[in-house]
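Below is one structure, written out as structure tokens; the observations come after it.
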Amino acid sequence: MIEILKKEKKSAFLLSNQALSPSVRYKWSVYVLQHEKDNLQYIYNNLSTHLYLIEDGDDVVFDRSRTFGYEEIIGTSALKKLAEDFFLVKADEDEDKLYENFISIMVKSEKRKLPKGVYAYTILPTTACNARCFYCFEQGMKTVTMSEETINAAINYIMQTKCDGHIILNWFGGEPLLRADIIDRFCSEFKKRGVSFKSHITTNGSLITPALAQKIKNDWNTEFVQVSLDGEESEYNRRKAYVNLTGSPYELVMRNIGLLLEQGIFVNLRCNIDENNAGTLNTFMNDLDLRFPDKSNLSLEFVTLYDKHSTPEELELYIKCMDLKETVQKLGFNRKTGEPKFETMVYYCPAQSFGRAMVITPDGKLYVCEHCGEGTEIGTVFEGVTNTAMADKYFAHNPVSKKCSGCFYLPKCTTFDMCPIKNTSQECREIKRNYLVRFLNKTIDKYYREVGR
């Protein structure tokens, strides 16, 4: 038996050296999967992210109907190793509880590592936008822009709640660059007060000029910009439906992406796909490839639209996204993003990470996520966190829900039921299966490249 992928560091100390008892029978864990590739058999533990190659002489047969006695296990070296690594668990083990206890210990460990205070603030200077994307999750939201009073209160709130050292300012909207003056106010004030910060910006990219690109880099300390770019020219222009823009918005945004790259800023292009633009994306990628031969600071990702989550169309679109990701990597994008991982999730997203990230809206309300709707705010910049009951709901790790009980994929999903966009459809498991198969195949191929086989 050959170890292809080691246990995750964060789980290694919890999921090894299981003490075996002569009076207990053992079964295959629900988190274990047999995987076949090139006529070879592998066995994978989804709780610890641990992968072995099963060789002919190992005498390991994966059969969920079987249980194993102590003597059989210790008499077979491969089985003994798998049992010690929790591929085998007690026949009467409540594996939902095993997972919950595992995550509970991981959460406590993570809490001890984290410095006190907030490290990332997502700030919406305005909810106004110069585009009219039909899919925007903010459709129908009232247009609000930060007042001077709110700006001052938000600056003071950040000074009072930030962690020691470096913080991240995520500028979001609406279109945040419509109110570059407000971003200026925050950044200049923090520089005066000696705050160490970096800016990240989510933008449609249409308002960038050479002068603003320099400001974004030098005055706002920006290291990352995400630009929404939903396909080739005609489809992009149709979907964005900009207000009061002459000429081709697509050409304008392409030029502006170049301005950001000239400043040495890392740019991620986010392409939201649905059935309307999925068929034209090869043309779109070829255009990007020609326009940006130097992709060292450029990444390209494809994601399904939010309104496609938990719908029958999601699985097909998800598979399309995964196929496109492989094409993108072959074209030379995403060099700095590295290989995708399939880690056991302690947190579903920053909204669950104990107040380490906070969202500030233009009217000064505090949320844990920009996707959270009215009624889920946890306070204001004027008073701080006042709705502790709501905050506790987000920061809590709930018991495994009935629909997730016994699910092989649970460790890669978590029990974060407060997420407004979390997948709850019947395709949930098939989506994760597709990702896992790709992950395992790439992991195996990488291993054999490294060992020269």
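For the numbers below, each heavy atom of this structure counts, side chains included, while hydrogens, waters and symmetry mates do not.
- Between the side chains of Asp230 and Tyr250, no donor N or O sits under 3.5 Å from an acceptor N or O.
- A pairwise comparison of heavy atoms in Tyr447 and Glu3 identifies CE1-O, 3.9 Å as the closest pair.
- Of the possible donor and acceptor atoms, none in the side chain of Tyr31 sits under 3.5 Å from a partner among the backbone N and O of Tyr44.
- The aromatic rings of His35 and Tyr42 sit tilted, their planes meeting at an angle between 30° and 60°.
- Taking the six-membered ring for Trp, Phe87 and His50 have ring centres closer than 6.0 Å.
- The only option from Arg66, Lys80, Arg25 that meets the salt bridge (charged side-chain N to carboxylate O under 4.0 Å, His left out) definition with Glu72 turns out to be Arg66.
- For Arg356 (side chain) and Cys163 (main-chain N/O), no donor-acceptor pair under 3.5 Å exists by modelled atom type.
- Ring geometry for Phe68 versus Trp28: interplanar angle over 60°, hence perpendicular rather than tilted (30 to 60°).
- Side chains of Asp85 and Ser16: a donor-acceptor N/O pair is absent below 3.5 angstrom, by distance only.
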- Item | Working for side chain to side chain contact (heavy atoms under 4.5 Å, CB included), residues Asp323 and Tyr318 | CA-CA 9 Å; Asp323 291 340; Tyr318 172 83; over 6 Å; no
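- No more than 12 heavy atoms of other residues, nucleotides or ligands lie within 6.0 Å of CD in Glu316, so this atom counts as exposed by the packing criterion.
- Heavy-atom minimum distance, Asn434 versus Met322: OD1-CG, 4.0 Å.
- The two residues Ile183 and Pro176 make their nearest non-hydrogen contact at CD1-O, 3.8 Å.
- The cationic group of Lys432 does not satisfy the cation-pi geometry with Tyr409, failing either the under 6.0 Å distance to the six-membered ring centre or the 45° limit from the ring axis.
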